[in-house]
Amino acid sequence: MTLARLRQFLPQASIRRKLVLGVAFVHLLLMTIFVVDLVQRQRDFLWDELTRRTLHHAHVLAVSSSPWVLSDDLVGMEEVVEGSASGSGVRHAMIVDPNGRILAHTDRNRIGQYLADAMSLEALAGARTARVYQQSETAIHALSPILAADKLIGWSILTVDKGATLAHLAYVTKTGLFYTLAAIAIGTIFAMLLSRSILRQLRHLLRGVDNLSKDVLDAPVKIVSRDEVGRVAEAFNRALASLADGRRRLTAEVGERRRAEEALRMLSRRQAGAIEEERKRIARDLHDELGQALSGMQFRLRSMQSQTANVGGGVGDTCARLAVEVERMGASIHRIANALRPATLDHLGLLPAIQAFVAGQLPLINDRMSIAVDAAGFRRRLPADVEMIAYRIVQEGLTNVIKHAEATHADILLTVNHPSLIVTIRDNGVGIAAPAERFDGRGADHGNGLLGMEERAAAIGGKVEVKPRQGGGTILRAELPYAAGEAVHA
Ligand SMILES: Nc1ncnc2c1ncn2[C@@H]1O[C@H](COP(=O)(O)OP(=O)(O)O)[C@@H](O)[C@H]1O
Ligand SMILES: [Mg+2]
């Protein structure tokens, strides 16, 4: 594997694979170095040993054959040569005279022949010391001078087989190889066991992180070890616990706040209801009592007028003027009572009440502006508070159009779209400014209209949105749930 491929492989490999490969590689490297060194040393040692043994052997042969050579006793020489050939690994032994003629040989046929090969001749011509003069693949050749009173009388020559040494070396190499493989196998098993023990905790931790990413906070990581990974897992569990705790507290807080909001909404709804109730009562009192009284007064003034028609001093005229005044007062009271609480709303319903209100606005706008009222989806009366709020929103919204929009047309649309009543008021006027500009540098009592609408709608869980229309004008959209309980189930 090249370095580049290794660099590509490593980040993707699992920890277990990295560990196993790493340990196997280190074992292979160390054991190879160790075994190569061991075999090398063993070989050097064995060769030294073989050389030393061979030289010693040749020397012994030279010394023990010296008397027989001196006395030219061929039988004696023969015996010595045979004796030396019984030594381990000796292929053949011989005794030659200084000229290279074979005096005795383990192979009798060669007795009397001359050594002819160049190596041997060169060796015989060399120094009078015992030495190895030739090495071949399978054998080692050594010679030792035979001396008599410092005079060279011949040479002993030994050829020793290398086979046993080579076999021993092969054995050592094979054993080394076996140990290398065994070390790799043991290392791999060890690395696998080690990685399993490390990864067990890591795997639990991984599962915990996975759970966390799925927002499961109540499944702590199982602790199966006390090592660094185990400690990380413990820290993770602590973090998880505090996260879960924070979540619990937050949920409780949100619930608390939601309940408070709900209570506030209930309160404002009840307050709005009470106000409406009060208005209704005042309107009724104004209408019933004051209105009745004024009607009575008007009737009596009219009859006084006819009774005093003949009386001079303008009494009749005064009565007539007073009657007109009282009638106007009655109309005023009627108007005020209607503004406080339109009787039409209670008696005829939302749509007629709004139509009546719009009709009441027409004299204010003359023919500057047209107003269309449309409705859809009405099948039965909506809850009284929803109708009231819708009415008030239309009241305020349309008043705003008349007051601020400089529009030539306004559309009022009421749509019952279960579970909400949708009220929209569209005009083609100048368009409403952004809130920041609207409230900029104005008194505190400005802007209460929109705010009041929003509060009213919020009291029943609805909302109001006022924004400029594309292409000019303003659109007001109110969404008023009339079946809040049903909506939840729907
Ligand atoms: N239909 C509309 N077209 C243009 N501007 C509007 C419209 N409705 C409201 N506005 C602007 O929003 C402001 C706030 O309205 P509102 O809350 O009803 O307060 P007010 O009517 O007392 O000024 C108004 O002063 C006006 O500038
Ligand atoms: Mg207003």
Side-chain angles (χ1 to χ4, degrees), residues 264-265 268-269 271-272 275-276 278-279 282-283 335-342 344-345 350-351 353-376 385-415 420-480:
L264 205 65
R265 194 175 300 158
S268 89
R269 186 177 188 164
Q271 219 166 27
I275 290 170
E276 288 299 340
E278 191 60 14
R279 284 178 160 200
I282 294 169
R335 215 180 48 247
I336 291 168
N338 210 54
L340 274 173
R341 175 76 187 196
T344 4
L345 186 60
L350 182 57
L351 212 54
I354 285 173
Q355 277 158 344
F357 171 71
V358 169
Q361 302 302 303
L362 292 178
L364 297 177
I365 54 176
N366 300 322
D367 45 7
R368 265 195 299 127
M369 183 178 146
S370 56
I371 301 170
V373 181
D374 245 320
D385 55 347
V386 177
E387 284 193 342
M388 190 67 227
I389 291 165
Y391 181 81
R392 294 288 183 219
I393 286 174
V394 171
Q395 219 176 14
E396 176 62 33
L398 192 63
T399 307
N400 274 352
V401 174
I402 294 166
K403 251 168 57 182
H404 309 294
E406 299 166 34
T408 58
H409 184 74
D411 263 318
I412 300 169
L413 179 62
L414 301 153
T415 315
S420 296
L421 166 66
I422 314 288
V423 178
T424 41
I425 303 174
R426 276 178 300 196
D427 68 59
N428 61 354
V430 294
I432 190 164
E437 290 171 41
R438 246 186 282 150
F439 299 121
D440 200 32
R442 304 260 223 93
D445 53 335
H446 282 283
N448 283 346
L450 292 181
L451 225 60
M453 279 192 232
E454 276 158 22
E455 261 165 29
R456 278 199 170 97
I460 55 164
K463 57 179 191 250
V464 179
E465 202 182 29
V466 189
K467 57 183 184 191
R469 285 169 73 190
Q470 257 181 346
T474 303
I475 180 163
L476 176 152
R477 184 175 188 282
E479 200 176 316
L480 310 171

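Note that this is a predicted model, so its numbers are computed, not measured. Counting starts at 1 for both ligands and their atoms, in listed order.
For Gly431, the heavy-atom gap to ligand 1 drops under 4.0 angstrom.
Residue Leu451 has no nitrogen or oxygen atom sitting less than 3.5 Å from a nitrogen or oxygen atom of ligand 1, judged on distance alone.
Ligand 1 places these atoms under 4.0 Å from at least one heavy atom of Asn448: 17 (O). Near Glu396, with a cut-off below 4.0 Å to any heavy atom, the atoms of ligand 1 are 18 (O).
Summarising the geometry, atom CG belonging to Asn400 is positioned 8.5 Å from atom CG belonging to Leu476; distances are rounded to the nearest 0.5 Å.
Asn400 lies close to the Mg ion (ligand 2), since one of its N, O or S atoms is found at a distance under 2.8 Å.
In plain terms, the two heavy atoms of Ala459 and Ser268 that are nearest each other are CB-OG, 3.4 Å.
Only the side chain of Thr474 comes within contact range of ligand 1, with a heavy atom under 4.0 Å; no backbone atom does.
In Asn366, the CG atom is crowded: over 12 heavy atoms of neighbouring residues, nucleotides or ligands sit closer than 6.0 Å.
The atom of Glu396 that is an N, O or S and sits closest to the Mg ion (ligand 2) is OE2.
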- Should Arg477 and Lys467 be marked as a side chain to side chain contact (heavy atoms under 4.5 Å, CB included) after you check the CA-CA gap, both sets of side-chain angles, and the distance that decides it? CA-CA 9 Å; Arg477 184 175 188 282; Lys467 57 183 184 191; over 6 Å; no
- Start with the C-alpha distance between Val401 and Ile371, add both sets of side-chain angles, then the distance that settles side chain to side chain contact (heavy atoms under 4.5 Å, CB included), and finish with yes or no. CA-CA 10 Å; Val401 174; Ile371 301 170; over 6 Å; no
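Between the choices Ile425, Asn400, Ile432, Asp427, the shortest heavy-atom distance to atom 1 (N) of ligand 1 belongs to Asp427. Compare Ile402, Thr399, Asn428, Leu450 by their heavy atoms: the one nearest to atom 17 (O) of ligand 1 is in Leu450.
For Thr424 and Asp411, the side-chain atoms include no donor-acceptor pair closer than 3.5 Å.
Remark: side-chain polar atoms of Asp427 are paired, donor with acceptor, to backbone N or O of Thr474 under 3.5 angstrom.
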